[in-house]
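Here the structure is laid out as structure tokens; the discussion comes afterwards.
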Amino acid sequence: MAEQTWSTAITKIEPNMVAVRGYCIDELMGRISFGEMVYLVLKGEMPTPEVGRLMDAILVSSVDHGATPPSALAARTIASGGAPMTTAIAGGIMTINRHHGGAIEGCMRVLTELVAYQQEQGCEALTAAREKMAEFRAKKIRVPGYGHRVHTDDPRTRRLFALADEAGVAGAYIGMAHALGQAMKESLGRELPMNVDGGIAAVLCE
């Protein structure tokens with residue numbers, strides 16, 4: 001039987017050698033952070049130190065969401081029954097969906113749509129956001145990444161945007177995220193603060 005091989009641009013495995021995106025992994029170990037490694041795998045190039053720091057900040061911002069979210073409750077409940085920790089963690093992960101923990105991708109899709117619409121119409125970000133918000137309300141579409149049951153000004157989002165500005169990557173998507181928040185406030189008559197999922201979405205779009 002002929003030997004089968006798979007081709008990928010991400011990794012290369014040979015006897016006594018492991019490479020990721022052309023970099024020997026043992027040479028990266030101890031030299032770059034986990035956030036920088038994630039960027040390298042996804043983008044195929046090393047980030048600048050500022051962008052690497054921003055990637056690390058995104059990971060750090062996601063670490064603690066308290067003991068009450070559904071994923072944490074599920075994990076705690078499973079663990080309390082004597083199940084192994086790995087089983088409890090798997091149970092918590094299984095609760096993640098577009099309604100809980102999955103807002104980042106949904107918000108990225110919205111921001112991408114709005115920035116494309118803005119460019120197509122040749123208008124200001126706030127104008128595009130207002131027009132799209134009216135469309136969302138008419139179609140009863142809920143915009144992910146906004147609103148929080150505890151925070152009125154999510155400190156994680158504020159910090160991420162500051163770091164994005166320092167890294168020189170704050171642009172159309174972060175601008176649109178702010179414009180959408182303003183359009184939402186005008187449309188709903190109340191403020192829905194951008195939560196950390198929305199902040200991460202805007203930064204990842206950039």
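- Between T157 and G199, the shortest heavy-atom contact is CG2-CA, 3.9 Å.
- Applying the salt bridge (charged side-chain N to carboxylate O under 4.0 Å, His left out) definition to pairs two or more places apart or across chains, none involves residues 24-38.
- Using a 4.5 Å heavy-atom threshold, the side chains of M55 and F34 count as separate.
- Of all non-hydrogen atoms in I174 and A202, the two that sit nearest each other are CG1-CB, 3.9 Å.
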What's the verdict on side chain to side chain contact (heavy atoms under 4.5 Å, CB included) for V38 and I58, showing C-alpha distance, side-chain angles and the deciding distance? CA-CA 11 Å; V38 170; I58 289 173; over 6 Å; no
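- The shortest non-hydrogen separation linking D56 to S33 is OD2-OG, 2.8 Å.
- Among E186, K185, Q182, M184, the single residue meeting the side-chain contact (heavy atoms from CB on, under 4.5 Å) criterion with M133 is M184.
- Interatomic distance, OG1 of T112 versus OH of Y173, reported as 5.0 Å (0.5 Å rounding).
- Of the possible polar contacts, none joining the D197 side chain to the G145 backbone as a donor-acceptor pair under 3.5 Å is found.
- To the nearest 0.5 Å, the span separating CG on L180 from CG on L192 amounts to 10.0 Å.
- When the shell of 6.0 Å around CE of M17 is examined, it contains more than 12 heavy atoms from other residues, nucleotides or ligands.
- In this structure, M194 CE and D153 CG are separated by 10.0 Å, a value rounded to the nearest 0.5 Å.
- Residues I13 and Y23 fall within the same hydrophobic cluster, defined by Ile, Leu, Val, Met, Phe, Trp and Tyr side chains chained together at heavy-atom separations under 4.5 Å.
- Looking only at side-chain heavy atoms (C-beta outward), Q118 and L114 stay at 4.5 Å or farther from each other.
- Under a hydrophobic clustering in which Ile, Leu, Val, Met, Phe, Trp and Tyr are joined whenever their side-chain heavy atoms come within less than 4.5 Å, directly or via other members, L126 and F136 fall into different clusters.
- For the residue pair A74 and G92, the shortest heavy atom distance occurs at CB-CA, 4.3 Å.
- Side-chain heavy atoms closer than 4.5 Å link hydrophobic residues (I, L, V, M, F, W, Y) into clusters, and following such links, even through other members, never connects V51 to V20.
- Both I10 and I25 are members of a single hydrophobic cluster when ILVMFWY side chains are connected at heavy-atom separations under 4.5 Å.
- A salt bridge links E105 to R109: one of the charged nitrogens lies within less than 4.0 Å of a carboxylate oxygen.
- Here the side chain of H151 pairs no donor or acceptor atom with the backbone of D154 at under 3.5 angstrom.
- With R21 contributing its side chain and V41 its backbone, the two residues share a donor-acceptor pair below 3.5 Å.
- The backbone N or O of A170 sits nowhere less than 3.5 Å from a side-chain atom of D165 that would complete a donor-acceptor pair.
- Within the 3.5 Å criterion, the main-chain N or O of A128 finds no donor-acceptor partner in the side chain of Q121.
- Applying the side-chain hydrogen bond (donor to acceptor under 3.5 Å, both in side chains) rule to pairs touching residues 76-100 yields S71-H100, sequence neighbours excluded.
- For the pair E135 and K132, the salt-bridge criterion is met [side-chain N within less than 4.0 Å of a carboxylate O].
- Nearest heavy-atom pair, P47 versus G52, reported as atom, atom and distance to 0.1 Å: CB-N, 3.9 Å.
- Side-chain contact check for P144 versus V110: some heavy-atom pair is nearer than 4.5 Å.
- Going from atom OG1 of T11 over to atom CH2 of W6 covers 11.0 Å, rounded to the nearest 0.5 Å.
- In terms of modelled atom types and a separation under 3.5 Å, the side chain of Y146 and the main chain of A177 share a donor-acceptor contact.
- A pairwise comparison of heavy atoms in M176 and A129 identifies SD-CB, 4.1 Å as the closest pair.
- Distance check: S62 OG to I104 CD1 gives 5.5 Å after rounding to the nearest 0.5 Å.
- L42 and Y39 fall within a single hydrophobic cluster, where Ile, Leu, Val, Met, Phe, Trp and Tyr are joined by side-chain heavy atoms under 4.5 Å apart, directly or via other members.
- Of the possible polar contacts, none joining the E166 side chain to the E50 backbone as a donor-acceptor pair under 3.5 Å is found.
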